[in-house]
Amino acid sequence: MNWIKLKDEATLKEIKALSHEKPVVIFKHSTRCNISTTALSRLERTWKSDGIKPVSTYFLDLLSYRDISNKIEDVFDIEHQSPQLLLIQNGICTYHTSHLGITFEEIKKRIPFESLSES
């Protein structure tokens, strides 16, 4: 996975705009939490983009950027969890989950398949 670091409000605004073009995933990670590390590792090991539309993936270090996490909560009206994954499409959070509920299979169910005419 090619994580893009989420460090500021400007990037959060870019995410919201980009989500009108393609799905965006935000992974909120706590570097002090074993469950967060496990969820992140499992997601990275199982992520396969074959057949799904291109997705931009953003990574938020919660300990370094807690203010951005709070802003995510306000912008998308989603209560903070750690770890947490949000799927943003068309400017809104269409799916979110936390802890060991974070799986590629669940994300894949919510991302449109790429049509043959787009390949």
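Count residues from 1 along the sequence.
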| message | Closer than 3.5 angstrom, by distance alone: can the side chain of Ser56 be matched with the main-chain N or O of Val24 as a donor-acceptor pair? | response | no
| note | Taking every heavy atom of Lys71 against every heavy atom of Glu9, the minimum-distance pair comes out as CE-OE1, 3.2 Å
| message | Quick check on Asp67: does its CG atom have over 12 non-hydrogen neighbours (other residues, nucleotides or ligands) under 6.0 Å away? | response | yes
| task | Start with the C-alpha gap between Ile4 and Thr57, add the side-chain angles, then the distance that decides, and say whether side-chain contact (heavy atoms from CB on, under 4.5 Å) holds. | result | CA-CA 6 Å; Ile4 302 164; Thr57 52; 5.7 Å; no
| query | Do Ile72 and Ile15 sit in the same hydrophobic cluster, where Ile, Leu, Val, Met, Phe, Trp and Tyr count as joined when their side-chain heavy atoms come under 4.5 Å apart? | reply | yes
| Looking only at atom types and distance, does a side-chain atom of Ser41 sit under 3.5 Å from a main-chain N or O of Thr37, one as donor and one as acceptor? | no
| said: Counting C-beta onward and ignoring hydrogens, is there a side-chain heavy-atom pair between Lys16 and Val75 closer than 4.5 Å? | reply: yes
| query | Where do Arg66 and His80 land on the side-chain contact (heavy atoms from CB on, under 4.5 Å) test, with the steps shown first? | reply | CA-CA 10 Å; Arg66 180 56 198 229; His80 167 76; 3.1 Å; yes
| said: I need the minimum non-hydrogen distance between Lys22 and Pro54, along with the two atoms involved. | reply: CB-O, 3.6 Å
| query | Any chain of hydrophobic side-chain contacts (each under 4.5 Å) joining Ile68 to Leu18? | reply | yes
| task | Identify whether the distance between the nearest side-chain nitrogen and carboxylate oxygen of Glu105 and Lys108 falls below 4.0 Å. | result | no
| field | Contact check, side chains of Leu40 and Trp3, non-hydrogen atoms, under 4.5 Å | value | yes
| message | Under 3.5 Å, is there a donor on one side chain and an acceptor on the other for Thr11 and Asp8? | response | yes
| Should Ile102 and Leu60 be counted in the same cluster of Ile, Leu, Val, Met, Phe, Trp and Tyr side chains packed under 4.5 Å apart? | no
| request: Spell out, yes or no, whether Ile26 and Leu87 are grouped together once hydrophobic residues are joined by side-chain heavy atoms under 4.5 Å, including indirect joins. | output: no
| request: Determine whether Phe27 and Ile111 fall in the same hydrophobic cluster, where Ile, Leu, Val, Met, Phe, Trp and Tyr are linked whenever their side-chain heavy atoms lie under 4.5 Å apart. | output: yes
| field | Over all atoms of both residues, closest heavy-atom pair of Ser30 and Ser82 | value | CB-OG, 3.3 Å
| said: Just by distance, no angles: are the side chains of Gln89 and Thr94 close enough, under 3.5 Å, to form a donor-acceptor pair? | reply: yes
| message | Between Ser36 and His29 (side chain of the first, backbone of the second, donor and acceptor by atom type, cut-off under 3.5 Å), is there such a pair? | response | no
| For Ile78, does its backbone N or O pair with a side-chain atom of His96 as donor and acceptor, under 3.5 Å? | no
| field | Closest non-hydrogen atom pair between Phe104 and Lys48, with its separation | value | CZ-O, 2.7 Å
| Crowding at CG, Asp74 (>12 non-hydrogen neighbours, <6.0 Å) | yes
| query | Which pair of heavy atoms, one from Gly101 and one from Arg42, lies closest together, and at what distance? | reply | N-NH2, 4.4 Å
| said: Is there a side-chain contact (heavy atoms from CB on, under 4.5 Å) between Val25 and Leu85? Walk through the geometry before answering. | reply: CA-CA 7 Å; Val25 164; Leu85 181 134; 3.6 Å; yes
